[in-house]
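Report on one structure; see the data block that follows.
Convention: sequence-line order gives letters A, B, ...; per-chain numbering from 1. Reckoned from all heavy atoms, side chains included, excluding hydrogens, waters and symmetry mates.
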2 protein chains.
Amino acid sequence: MPEPAPPPDEPDREDLRTRFLAAAEKLVRQHGPDGLSLRELARAFGSSTMAIYTLFGGKPGLMQALYAVGFARLHAYALSAEHRDAPLRWMVRQMLAYRRFAFDHTGLYRLMFGGEKRFIPTDRHSRFASLTAPVDNAYPAFAALIDAVGGCLAHHRETPPDPAEVQDLAFLVWGQMHGLVGLEIAGYADPAGALGRYRNAIRFICTHCGADAADVEAELNAAP
Amino acid sequence: MPEPAPPPDEPDREDLRTRFLAAAEKLVRQHGPDGLSLRELARAFGSSTMAIYTLFGGKPGLMQALYAVGFARLHAYALSAEHRDAPLRWMVRQMLAYRRFAFDHTGLYRLMFGGEKRFIPTDRHSRFASLTAPVDNAYPAFAALIDAVGGCLAHHRETPPDPAEVQDLAFLVWGQMHGLVGLEIAGYADPAGALGRYRNAIRFICTHCGADAADVEAELNAAP
DNA sequence: GCCAGTGCTATAACACTGTTATTGAGTCGA
DNA sequence: TCGACTCAATAACAGTGTTATAGCACTGGC
């Protein structure tokens, strides 16, 4: 088969994808993940809906692409908190960054964690025990969390921690962060005290990892 | 104005509402909270969509009613775990019941905590500090959590705990439960180890409340 | 220069959705 | 019995995702 098709990944085509995704992200930010309309997106972009079909294959494809954009954003937040030389600082700032991401990009956050399974890519293959594939290659944001938790745990112990224990604890930390943030986004938390309770959770978890309470307090006060 | 309207809350009318809600709950269970269609509901019920409009005022009204049904269900789960004479058992079983509810009624759970604000009734008036009104009168499920956490905390201390501290801790517990369950529902958790990690979180939190680790283990083993 | 071939987009149509105006059947009280 | 009223069924409207059709632009070979 001579494959007469021209290269489908020309640079302008990829550029079109990113520009469509940027416009879609803005609409998701405005109207929520369920309020995104292909027709409105095409209208805002000045084209027809067919362009979305050729670029993404349909609305699920667009949503999956937005999903990947969201995790890339979350990964950037995690990277901005990286302090491999100061594990406690690393962990505190990463937990704070997680909450910041959720409220900077609430639409994406709800899309990523709303539980609409059809948006999650299905080709998963993970070498982690407690976390499924989004951690592995596609979305390295959660690997950063594992590294931070593992570093914090190793720093306050004599023997290196068991990787399985690190993964389970990291998942617990993730669950605590996601739970508080999710309840707040859903409207169940008093907005006034929400940040304070989140900082309480950071104190709670970091001391459980072996950190000194005064050190955690200092890191919380020093965090931007 | 003589108000010639007949009493709008006849018993058969209320019965119709509950039967509609049961059918809607079944559809939400099958197709998720976003997959509920008024036309499909009316078809399954053997009537027209107009009945839904006269009974609930529209789709948001139907969703709000389903929302209330969900919290009533959650409250029933919490009540089934009540052990006011054994606070640790109470807390352990309530946390387990929360997870059980989420997976027995995943559709309702996603509706309740998916973050679609228009489904949450807006007339809130709460006397709680950290939790907004769903706790107060409309949805007593979270008051049960506060009672359990407060009872567990009081049982392992000499001085009665500060109500504000109890509320904040209960919100932390809620956040931990919701986070783990939410991540699992969204598909991020390895299903095999999910229950084990949830039980780990119960150990984690109960010992933080002052309970003995061996007692927590015994309660976990004794729980149904 | 022309011509097939190919990829992409706009247009129009289809099957849905929630919502509403209209109409007709039924019921209750005077 | 008759008017008033409630309520549900029908049909229509605006919106959605998706698909078939057709036309445009652009390439490669002659």
Provide, to the nearest angstrom, the distance between the [atom1] atom belonging to [X] and the [atom2] atom belonging to [N].
X: Lys59(A); N: dC16(C); atom1: NZ; atom2: P; result: 18 Å
X: Leu16(A); N: dG7(C); atom1: CG; atom2: C1'; result: 14 Å
X: Leu27(A); N: dG17(D); atom1: CG; atom2: P; result: 11 Å
X: Phe56(A); N: dG17(D); atom1: CZ; atom2: P; result: 14 Å
X: Ile52(B); N: dG18(C); atom1: CD1; atom2: P; result: 8 Å
X: Leu38(B); N: dC16(C); atom1: CG; atom2: C1'; result: 13 Å
X: Leu55(A); N: dG7(C); atom1: CG; atom2: P; result: 15 Å
X: Leu41(B); N: dT17(C); atom1: CG; atom2: P; result: 11 Å

Donor on one side chain, acceptor on other, Asn200(B) and Arg197(B), under 3.5 Å: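 No, because no side-chain N or O of Asn200(B) sits under 3.5 Å from a partner of the opposite role on Arg197(B).
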Of Glu40(A) and Met50(A), the one whose closest DNA chain D nucleotide lies more 5':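 Result of the comparison: Glu40(A).
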Sugar-phosphate only, base, or nothing, as touched by Ser48(A) at under 4.0 Å among non-hydrogen atoms: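 Base contact.
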Sugar-phosphate, base or nothing in reach of Leu36(A), heavy atoms under 4.0 Å: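 Touches sugar-phosphate only.
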Pairing residues for Leu55(B) by the side chain to side chain contact (heavy atoms under 4.5 Å, CB included) criterion, not counting sequence neighbours: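 Leu55(B) satisfies side chain to side chain contact (heavy atoms under 4.5 Å, CB included) with Arg13(B), Leu16(B), Arg17(B), Phe20(B) only.
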Give a yes/no answer on whether the side chain of [X] brings an N or O atom under 4.0 Å of OP1 or OP2 in [N].
X: Thr54(B); N: dC7(D); value: no
X: Ser37(B); N: dG18(C); value: yes
X: Tyr53(B); N: dT19(C); value: yes

Leu36(B) side, atom CG; Met63(B) side, atom CE - distance, nearest 0.5 Å: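 Spacing of CG (Leu36(B)) from CE (Met63(B)) equals 4.5 Å.
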Nearest listed nucleotide, side chain of Pro60(A), among dT18(D), dT9(C), dT20(C):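 The answer is dT18(D).
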Side-chain heavy-atom pair Leu145(B), Val149(B) within 4.5 angstrom cut-off: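 Yes - at least one pair of side-chain heavy atoms lies under 4.5 Å apart.
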Distance-only donor-acceptor test (3.5 Å): side chain Arg39(A), base dG15(D):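 By the distance-only test, no, there is no pair.
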Pair Glu184(B) + Arg99(B): basic N to acidic O under 4.0 Å: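 Yes, charged N to carboxylate O under 4.0 Å.
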